[in-house]
Enquirer: 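Let me begin by handing over the structure; questions about it come next.
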2 protein chains.
Amino acid sequence: MRSYCYAVRMPRVVDHAERRRQIVFALWLVIAEQGIEGVSLRHVAAEAGVSMGRIQHYFGTKEALVLAGCTALVDSAYGGYLETADAAPRDRLLHVVSQQIPQDDGGRIGVSVWYAYVAKSINHTAVRQVLAEARRGAEEECVRLIRAGRGAGADAEDPAALDQARRLLALADGLTLRVLVGDLEPDEAVAMLEAEVDRI
Amino acid sequence: MRSYCYAVRMPRVVDHAERRRQIVFALWLVIAEQGIEGVSLRHVAAEAGVSMGRIQHYFGTKEALVLAGCTALVDSAYGGYLETADAAPRDRLLHVVSQQIPQDDGGRIGVSVWYAYVAKSINHTAVRQVLAEARRGAEEECVRLIRAGRGAGADAEDPAALDQARRLLALADGLTLRVLVGDLEPDEAVAMLEAEVDRI
DNA sequence: GGTTTTGCAATACGATCGCATCGTAACAGG
DNA sequence: CCTGTTACGATGCGATCGTATTGCAAAACC
């Protein structure tokens with residue numbers, strides 16, 4: 001029971017986190033292909049090539065699995081942002097608002113899953129909280145980047161920057177949707193966001 | 001079989017359209033409360049206070065019911081727009097882009113149902129086509145209103161107006177979402193849209 | 001008033017669902 | 001080798017699903 005070694009302490013040693021990642025990825029694929037309505041333990045298990053029992057073992061209930069898929073999605077986006085740590089504020093700002101525009105198939109999957117969760121968040125408290133926190137974080141980060149870009153110090157409040165951040169993020173959401181349903185080309189959407197960023 | 005009279009030609013006369021309206025309204029309520037996942041013929045029947053058989057009689061399948069709910073939603077929004085026929089172009093433009101911001105409970109229901117359909121449109125061709133056509137219509141109308149507002153004639157193309165229309169509509173979608181999940185007050189969203197309209 | 005057609009309620013059916021349970025293979029520590 | 005614990009695969013259960021089917025009441029038409 002007591003663990004003297006650092007990483008491995010269990011019998012039948014497996015990489016717990018890796019197993020969870022595989023299952024969550026299969027969940028995303030199912031959501032992207034069939035929508036959140038199409039999510040069932042059996043479908044996800046088939047997509048991942050594992051048994052239903054495995055999913056139950058790692059996530060317990062369907063509810064928990066779906067929620068884990070949501071937090072994993074948010075974490076993944078945040079990880080992508082952290083990689084831009086040494087870029088200029090203007091470029092980082094552009095990354096935050098245009099990162100979700102689907103440029104390839106992988107991006108399409110991610111953003112269609114994201115929209116599925118957005119719709120779910122309307123009637124699902126836990127999902128709503130996860131997305132709300134992510135959104136607050138993105139908004140604050142945008143405000144910081146806007147202020148850094150114009151060379152302002154860390155002030156208490158900045159209504160103008162907040163307003164611009166909100167407009168930028170809302171615009172990004174709306175444009176993302178257009179691209180997703182095929183009404184708009186990714187290039188056009190990014191160009192519009194770039195113009196908006198440079199107007200600040 | 002042959003119908004000599006104009007309106008009524010059937011035995012057991014009922015208002016077919018009215019019955020469909022009642023069922024579709026119950027469908028919207030179910031979607032708003034439980035999301036599209038929660039839609040089942042039994043739930044909708046219970047919400048409408050009718051039997052499942054009635055729904056089958058009027059819509060045939062669940063698929064057809066859901067799609068009818070989508071077109072009815074679009075038609076309803078279009079009807080609201082037509083009522084502004086004698087307003088100034090600037091006010092009509094503001095109506096188009098801010099009409100979906102939920103101001104009361106009725107508005108919340110409508111827009112949460114609308115977002116449910118948006119998510120569904122990602123994986124559902126028929127819904128996507130209905131929404132795409134509505135969006136194209138809104139975009140064209142915005143272009144017309146923008147050009148009318150600045151006193152321009154009916155010209156062939158106007159890239160600047162198209163760009164502004166797209167930005168306005170995308171911004172409206174994004175702001176609507178924020179209001180829906182409670183991140184933003186309706187007043188603030190409308191104020192931002194108004195500022196954007198007046199900047200044109 | 002009988003016939004025909006429509007409007008629906010009731011129900012039955014097979015598929016699928018989430019989840020609980022059970023059994024067991026694999027491995028760490030003694 | 002033995003024991004305990006973990007990691008599952010397999011299976012079963014009750015609920016719920018969409019839809020097909022059946023049957024009957026009410027109204028229009030002859």
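Numbers restart at 1 for each chain; the letters A, B, ... are given by sequence-line order, proteins then strands.
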Enquirer: Nearest 0.5 Å please: distance from the CG atom of B/D15 over to the CD atom of B/Q22.
Expert: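 Answer for the CG-CD pair, B/D15 versus B/Q22, is 9.0 Å.
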
Enquirer: Please report, rounded to the nearest Å, how far the C1' atom of C/dG18 is from the CD atom of A/E63.
Expert: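 Rounded to whole Å, this separation is 12 Å.
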
Enquirer: CZ of B/F59 versus C1' of D/dT19: gap in Å, rounded?
Expert: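 Taking atom C1' of D/dT19 as the reference, CZ of B/F59 is at 16 Å.
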
Enquirer: Summarise how protein sits on nucleotides 9-16 of chain C as a single string, 5' to 3': B when a protein heavy atom is under 4.0 Å from the base, S for sugar-phosphate-only contact, - for no contact.
Expert: BB------

Enquirer: Where the side chain of B/Y58 is concerned, which of C/dG18, D/dG18, C/dC8 is the nearest nucleotide?
Expert: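 Side chain of B/Y58 sits closest to C/dC8.
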
Enquirer: Taking side-chain hydrogen bond (donor to acceptor under 3.5 Å, both in side chains) as the test, write out the residues that go with B/R128, two or more places apart.
Expert: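 Checked B/R128 against side-chain hydrogen bond (donor to acceptor under 3.5 Å, both in side chains); zero matches.
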
Enquirer: Under 4.0 Å, counting only non-hydrogen atoms across every strand here, what does A/V39 touch: a base, just sugar-phosphate, or nothing?
Expert: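 Sugar-phosphate contact only - A/V39 comes under 4.0 Å of backbone atoms but never of a base.
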
Enquirer: Would you list the pairs meeting salt bridge (Lys or Arg N to Asp or Glu O under 4.0 Å) in which at least one residue belongs to residues 112-122 of chain A, sequence neighbours left out?
Expert: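 Every salt bridge (Lys or Arg N to Asp or Glu O under 4.0 Å) pair that includes a residue of residues 112-122 of chain A, provided the two are not neighbours, is A/K120-B/E37.
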
Enquirer: Using whole Å, what does the distance between atom C1' of nucleotide D/dA20 and atom CG of B/L41 come to?
Expert: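 It works out to 13 Å between those atoms.
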
Enquirer: Just grab all the side chain to side chain donor-acceptor pair (under 3.5 Å) pairs involving residues 53-80 of chain A, residues at least two apart or on different chains.
Expert: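 Listed by first then second residue: A/E63-A/H124.
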
Enquirer: Output all residues satisfying side-chain hydrogen bond (donor to acceptor under 3.5 Å, both in side chains) with B/Q99, sequence neighbours left out; order by chain, then residue number.
Expert: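 Once residues adjacent in sequence are excluded, B/Q99 has no partner under the side-chain hydrogen bond (donor to acceptor under 3.5 Å, both in side chains) criterion.
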
Enquirer: D/dA7 C1' sits how many Å from A/Q22 CD, rounded?
Expert: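 Roughly 14 Å, once rounded to whole Å.
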
Enquirer: To the nearest Å, how far apart are A/D15 CG and D/dA7 C1'?
Expert: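 It is 14 Å, rounded to the nearest whole Å.
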
Enquirer: To the nearest Å, give me how far apart NZ (A/K62) and P (C/dC19) are.
Expert: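 Result: 8 Å.
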
Enquirer: Indicate, with yes or no, if A/V30 and A/V111 share a hydrophobic cluster defined by side-chain heavy-atom contacts under 4.5 Å among Ile, Leu, Val, Met, Phe, Trp and Tyr.
Expert: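 A/V111 and A/V30: one cluster.
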
Enquirer: Rounded off to whole Å, could you give me the CD-to-P distance for the B/E37 and D/dT16 pair?
Expert: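 Going from CD in B/E37 over to P in D/dT16 covers 16 Å.
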
Enquirer: Given C/dC19, D/dA7, C/dG7, identify the nucleotide with an atom nearest to the side chain of B/R19.
Expert: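 Among the listed nucleotides, the one closest to the side chain of B/R19 is C/dG7.
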
Enquirer: Nearest whole Å is fine: how far is C/dT21 P from A/H57 NE2?
Expert: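 After rounding, the reported distance stands at 17 Å.
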
Enquirer: Excluding sequence neighbours, so at least two apart, what forms ring-ring contact (aromatic ring centres under 6.0 Å, His included) with A/Y117?
Expert: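 For A/Y117 there are no ring-ring contact (aromatic ring centres under 6.0 Å, His included) partners, ignoring immediate neighbours.
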
